[in-house]
Amino acid sequence: MAGELLSVRGLRVSFASDAGSAQVLDGVAFSMKAGEIKGLVGESGCGKTTLARAILGILPRNSARIESGEIRFDGRDLLGLPEETLAREVRGREIAYIPQDPSTAFNPVFTIGTQIDDLMRFKSPLLRGGTDDRQGFFNRYPRERRAADRARVLELLRLVQLPNPEAVLRKYPHEVSGGQRQRLMIAMALLPEPKLVIADEPTTALDVTVQAQILKLLKQLARERGAAVLFTTHDLGAAYEICDRITVMYAGQEVEEAPVDGFFGRPSHPYTRKLLDSLPTSEAGIRGIPGEIPRLIDPPPGCRFHPRCDRASALCRAERPAPERIGPAHSVRCHHRIGAAEPAG
Amino acid sequence: MSAGDVILEVAGLRKYFPVRNVWKRRVGWLRALDDVSFSVRRGEILGIVGESGCGKSTLGKTLMGIHTATAGRVVFEGHDIARLKPHQSRRFREHLQYCYQDPGASLDPRWTIRGSLHEPLIVHTDLPRPEREARVREMLRAVGLPETHLDLYPHEISGGQQRRVGLARILTLKPSVVILDEPTSGLDVSVQATILQLLLSLQRQFGLTYLFISHDLSVVRLICDRVAVMYLGRIVEIGSTGAVFTTPRHPYTQSLLAAIPVIGGRRVTETFALEGEPPSPTNLPSGCRFRTRCPKAQPLCAQRDPPLRADWPDQQAACHLAD
Ligand SMILES: Nc1ncnc2c1ncn2[C@@H]1O[C@H](COP(=O)(O)OP(=O)(O)O)[C@@H](O)[C@H]1O
Ligand SMILES: Nc1ncnc2c1ncn2[C@@H]1O[C@H](COP(=O)(O)OP(=O)(O)O)[C@@H](O)[C@H]1O
Ligand SMILES: [Mg+2]
Ligand SMILES: [Mg+2]
């Protein structure tokens, strides 16, 4: 498809543990266009981070297994690429990652400046197509490139509105606040001029005021730099703020996908509806979703949401619904979606 | 005891933490609570909101005696307990309970849920075992957990269920006032909603008064009768939830409210203007502590620290310029 940057098809990932094998991604289909901001929304444990890590090729080797599926990014089949190529050309270069817990993203014993230097040494956009690419690891960092990279770093730190960027570079990670660390993460993600930034719950740990600042920045910079953003969150309000399109996942299956207006204007999967109703800002008052997310070691058959769904029928227990197109770019996987014409009789 | 009489009164409460250099010498004070006054009426839910680091947990812990107050009064059911050591105040504080922000911190991973629920009764009462067990089962039922959970360990239950156990644990002591510190932070919205429903039903069932600490204004709006907004160790606005949310007087409250995403409404990312983060509580600005971020600041604000002004019905704000 024209303009498609990322396409994930039929992705199945399982985790092995003492208790058995957990089917954490169960045939996920997911796609992104170049330059768009796509929200990946769902309760914790639904597989957002696992999908992000699968795309980056950083699932834990000893426990995770990709059973089937395809991940195509910018014309390449990522699952078919050798690890060395992924590390050198894709990860941290074409696809940047802002991990869920920013405190683990920095090494506490080096200054922030040292860590950014390291990043730029190997992932600078100036390296693209350059010949020193391969021996980069043993080479010293060429002086001209280092100066150009430094200028680029400072420019970006100013863009993310870090007060006094030169001083920040001399600090250690624990010396900056959570909000400042997140600004740094955004700057570092954008430095290599990636085509895709994966931001995993980038504002979950922040106050609303700082969240508003960070979301604003992420949206504005991604647009200016032409990067697509995969934004995972369990907060529908945050998704509303910056996303062009939204995909909802439940227990390892994507259940609804829509452009942001259609998504909030005409939510069609019962799970989406219930998520919206449980927001504290919703007019429905206080309404939770009864029950808990299923254990993925023995997940319910068919649609995984059926044990908590008040529309569930025998069909839902037997068969996982296929995606149904119900509007421009709006699709839903539900046998009894909201708003469907009720069958006669 | 009529509904609405004052059950807890806090006046001029301060909690300063020493700031020490590498040689352990004190080089200054961190003013985590800096002259806080308010009162709580029996049966109400008072929300305490503000950005992280503004002193909400310190307030809760100082009321509980987990921290000793630097100055000020805390009158609970007629006794000033602010300066009492924990062992002196235990008999007063049995009916004042603090529910920790992190349920992991109050549940011992080596104990079964039954062990965790019996413990406060063993410490605070001389109930014989069968009566303790009956009380424990009653409270477990009240928080909506099956009795089979008594034999499980904390790691075997979900985050939402851990919160329920944390609540059951403090309810075993039959408190009158419960300080809930971020009772839903880190929970998914769907679980959060069920916990909020539970809190409201427990409040009715046991006639509880809540101090509801949260950084989530949407939640506070939903369940609190009154709300106090804190900034850098001080209450900058307090009033009925309706008044504070519909006509916020303090520029800080206005900014906080403007940061909440409203689905279908204007996008906060297009309108939000508050910049930066709060300055350090070890080095407070002169005059009004919010002036360094305030869009309306005037020279006067750097000179004089504004007191809480009771200039509006059901609402007070500490701002020279609010009207
Ligand atoms: N390293 C791992 N080993 C075993 N199970 C894991 C691992 N990482 C994640 N899981 C399981 O995979 C499921 C999805 O987790 P995750 O992708 O982190 O969800 P989310 O990011 O949506 O909260 C959860 O049930 C989680 O317990
Ligand atoms: N035990 C302590 N020792 C020193 N400083 C503390 C201690 N507890 C909290 N503080 C400081 O007091 C201020 C208020 O913290 P806290 O009450 O935890 O805020 P909140 O709960 O609103 O996030 C912060 O600056 C924090 O660093
Ligand atoms: Mg995650
Ligand atoms: Mg706190």
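Letters go in sequence order (proteins before strands), and every chain restarts at 1.
Inter-residue side-chain proximity for B:Phe272 and A:Thr209 is flagged as met; some heavy-atom pair is nearer than 4.5 Å. Contact annotation: the side chain of B:Ile263 never approaches that of A:Thr281 to less than 4.5 Å [non-hydrogen atoms, C-beta and beyond]. Using a 4.5 Å cut-off on side-chain heavy atoms (C-beta onward), B:Glu270 and A:Lys219 make contact. Residues B:Glu277 and A:Gln180 meet the side-chain proximity criterion, which asks for heavy atoms closer than 4.5 Å. Looking at heavy atoms from C-beta onward, A:Ile286 lies in side-chain contact with B:Ile223 at the 4.5 angstrom threshold. Between A:Pro290 and B:Thr194, every side-chain heavy-atom pair lies at or beyond the 4.5 Å cut-off.
Contacts of A:Gln220 with chain B are absent, with no heavy-atom separation under 4.5 Å from either backbone or side chain. Neither the backbone nor the side chain of A:Gln161 comes within less than 4.5 Å of any heavy atom of chain B. Both the backbone and the side chain of A:Leu236 come within less than 4.5 Å of a heavy atom of chain B.
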Report task. Carefully, step by step, assess A:Glu241 and B:Arg266 under the rule salt bridge (charged side-chain N to carboxylate O under 4.0 Å, His left out). Result -> CA-CA 9 Å; A:Glu241 286 292 330; B:Arg266 72 208 179 330; 5.8 Å; no
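Shown here for B:Val268 and A:Ala212, the closest heavy-atom pair between the two residues is CG1-CB, 3.5 Å. When all heavy atoms of A:Ala238 and B:Pro261 are compared, the closest pair comes out as N-CG, 4.3 Å. The two residues A:Ser278 and B:Val189 come nearest to each other via the heavy atoms OG-CG2, 3.5 Å.
Of the listed residues A:Gly179, A:Pro163, A:Gly237, the one with more heavy-atom pairs under 4.5 angstrom with chain B than any other is A:Gly237. Considering only heavy-atom pairs separated by less than 4.5 Å from chain A, the leading option among B:Glu275, B:His215, B:Arg221, B:Gln197 is B:Gln197. Here A:Gln213 is the residue among A:His234, A:Gln213, A:Lys274, A:Gln211 with the most heavy-atom pairs under 4.5 Å with chain B.
B:Ser190 and A:Glu43 form a side-chain donor-acceptor contact under 3.5 Å, judged by distance and modelled atom types alone.
The distance from atom CG of A:Leu206 to atom CD of B:Glu51, rounded to the nearest 0.5 Å, is 11.0 Å.
When atom types are taken as modelled, the side chain of A:Tyr240 and the backbone of B:Arg267 share no donor-acceptor pair closer than 3.5 angstrom.
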